[in-house]
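What follows is a short report on a single structure.
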There are 2 protein chains.
Amino acid sequence: MSPKAASPPRRRERWPRDERVAAITEAARAVFCEKGFLESSTAEVAARAGVVEGTLYRYFPSKRALLLHVVERFYERIFADYEQQLMGVRGTWNRLRFLIWKHLSVLHGDPAMCRLIMHELRPSPDYRRSSVFRLNRRYTERTMAVIKEGIAAGELVPGVPLTIVRDMIFGCAEHHSWAYLRGEGQFSPEAAADALTDMVYRGLQPQALTRSGSADASVRRLEQAVRRLEGISPARRTRKAAG
Amino acid sequence: MSPKAASPPRRRERWPRDERVAAITEAARAVFCEKGFLESSTAEVAARAGVVEGTLYRYFPSKRALLLHVVERFYERIFADYEQQLMGVRGTWNRLRFLIWKHLSVLHGDPAMCRLIMHELRPSPDYRRSSVFRLNRRYTERTMAVIKEGIAAGELVPGVPLTIVRDMIFGCAEHHSWAYLRGEGQFSPEAAADALTDMVYRGLQPQALTRSGSADASVRRLEQAVRRLEGISPARRTRKAAG
DNA sequence: TATTTAAGTGAGGTGGACTCATTAAATGGC
DNA sequence: GCCATTTAATGAGTCCACCTCACTTAAATA
């Protein structure tokens, strides 16, 4: 075959760096979300971006770095108006509920991307050194700040480590959305936010179990006595246990 | 070099199927735990098991199936005496605390294996069809059963969806042990179990909406304490934990 | 227009999961 | 004890995907 008659080769275009990066990023986002990171090939990303594989590696040192970049762009979009919106909500319960609901809504709104982040990016060995990890931490810290405000206002009690509360909120959200992220179930961000906020809020309110006003001192002492008793085995079986 | 003088080839031994499977499984467990699943190579697993790569594929259809088998053996060991031990604990709070503590202890005791399960096995596309998923569900259902008992006994209130409670417990445990599983932090199963159990327990108790120590509220709390006492337990509650 | 710069290319390199024809160790009949 | 049969074990080889690099050529610059 003569060179003239050959099928016309791809017109080689030289784009501005930003546009090329954007095109590759968008192609990668689409492919990764469709197939998952491991099942995606750099060849397919390149094809969808309208370049050859080698071009990817001019802009990104590795497939994983490309994933990181895709996720960073996502976080930027998500966080854009967070602080602004939170300022419009008053009261500890409402603020807490808003943040939890917002988080669940993100999971609900873009399950493929969230699955990518939680199941494929986060397990990678260097995740905790990545920018995404730091972005995520800033995000959870905002939630902890709301709880600290509640404690400062006397509405919530200290005593439970804040990290436990944080892990309950985000751990619950993650597990609760698990099946949905795989496309194998449903969940309601509103209902889940209500239930989760209630649980957390109640768990942080003054009660006999942790702390109480001075008037409850005797009750508290009794509570502790009961608890001590629970640790003793009198070898007696009550009627209740039969049920 | 003459054939006679060549380095002696591996003595070809034919083992009973069970022993060969056990050897391969143990080698895979060790390598996967050391390096992580993706970073491990089948060549290294084979070498450690004293066979060549092809032999692996006589017993396991894929590297991933080998991982599944390794994890199944782990679950069997972990679950062996669960039910037995739980029968020795009385009282909703104590039973809940026992299950949570046990779970956290497993995470604490074999972080490499748990990381393998949570970060590398669970994200795989067919996880929810796997035997490990079913084993895990049996395990979380036991925890939900304890809460149902508490509700049936009137010690806890219904109203919060049980799945939310379950996700709080296991989600919190997972997030709380996150850094530790990567070898980048510490956590105390005892302290975390206390805090988490308290939060969950309190979140499921009838709420005295008044914050004061009214006589009414005191009575209610005492009633709850007595109800707890009705399930008498030989387990001793350790409030303080070394952090 | 001639020269310089670097974006873009695509043909390999490499490494790891997996396959399969061949080899030989165990087994059983005689 | 010997041969036939079975099948565990082998290891050379295939395939595929990430990544590299020497080269091409479109744009920028003088």
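All chains are named by letter (A, B, ...) in the order of the sequence lines, taking the proteins before the strands, and each is independently numbered beginning at 1.
A ring-centre distance under 6.0 Å is not found for B/Trp101 and B/His108.
Nucleic acid contact class of A/Phe60 (heavy atoms, under 4.0 Å, all strands): none. Nucleic acid contact for B/Thr55: base, since at least one base atom lies under 4.0 Å from a heavy atom of the residue. Note on A/Arg17: nothing from the nucleic acid sits closer than 4.0 angstrom, heavy atoms only.
Between the CG atom of B/Leu67 and the C1' atom of C/dG16 there is a distance of 17 Å, given to the nearest Å. Note: CD (A/Glu53) to P (D/dC18) measures 7 Å, nearest angstrom. Spacing between atom CZ of A/Arg58 and atom P of D/dA22 amounts to 13 Å, rounded to whole angstrom units. Atom CD of B/Glu19 and atom P of D/dA9 are 11 Å apart (whole Å). Between the P atom of C/dA24 and the CH2 atom of B/Trp15 lies a distance of 21 Å, rounded to the nearest Å. Atoms CG (A/Leu56) and P (D/dA17) sit 14 Å apart, rounded to a whole Å. Rounded to a whole Å, the NZ atom of B/Lys35 is 14 Å from the C1' atom of C/dG15. The NZ atom of A/Lys63 sits 8 Å away from the C1' atom of D/dA17 (whole-angstrom rounding).
Exactly one of B/Phe60, B/Tyr75, B/Phe74 qualifies for a ring-ring contact (aromatic ring centres under 6.0 Å, His included) with B/His69. That residue is B/Phe60.
When the nearest nucleotides of DNA chain D are assigned to B/Gly54 and B/Arg14 by heavy-atom distance, the more 5′-ward of the two goes with B/Arg14.
The side chain of A/Tyr59 lies closest to C/dG8, out of C/dT9, C/dG8, D/dC18. Closest to the side chain of A/Arg20, from the set C/dG8, C/dC18, D/dC18, is C/dG8.
Ring geometry for A/His119 against A/Trp178 counts as tilted: the plane angle lies between 30° and 60°, on a 0 to 90° scale. By the 30° and 60° cut-offs, the orientation of the rings of B/Tyr139 relative to B/His103 is tilted.
For D/dT20, the OP1/OP2 oxygens have no side-chain nitrogen or oxygen of A/Tyr57 closer than 4.0 Å. Contact annotation: B/Thr42 side-chain N/O to C/dG16 OP1/OP2 distance is not under 4.0 Å.
The two residues A/Val89 and A/Arg95 make their nearest non-hydrogen contact at O-NH1, 2.9 Å.
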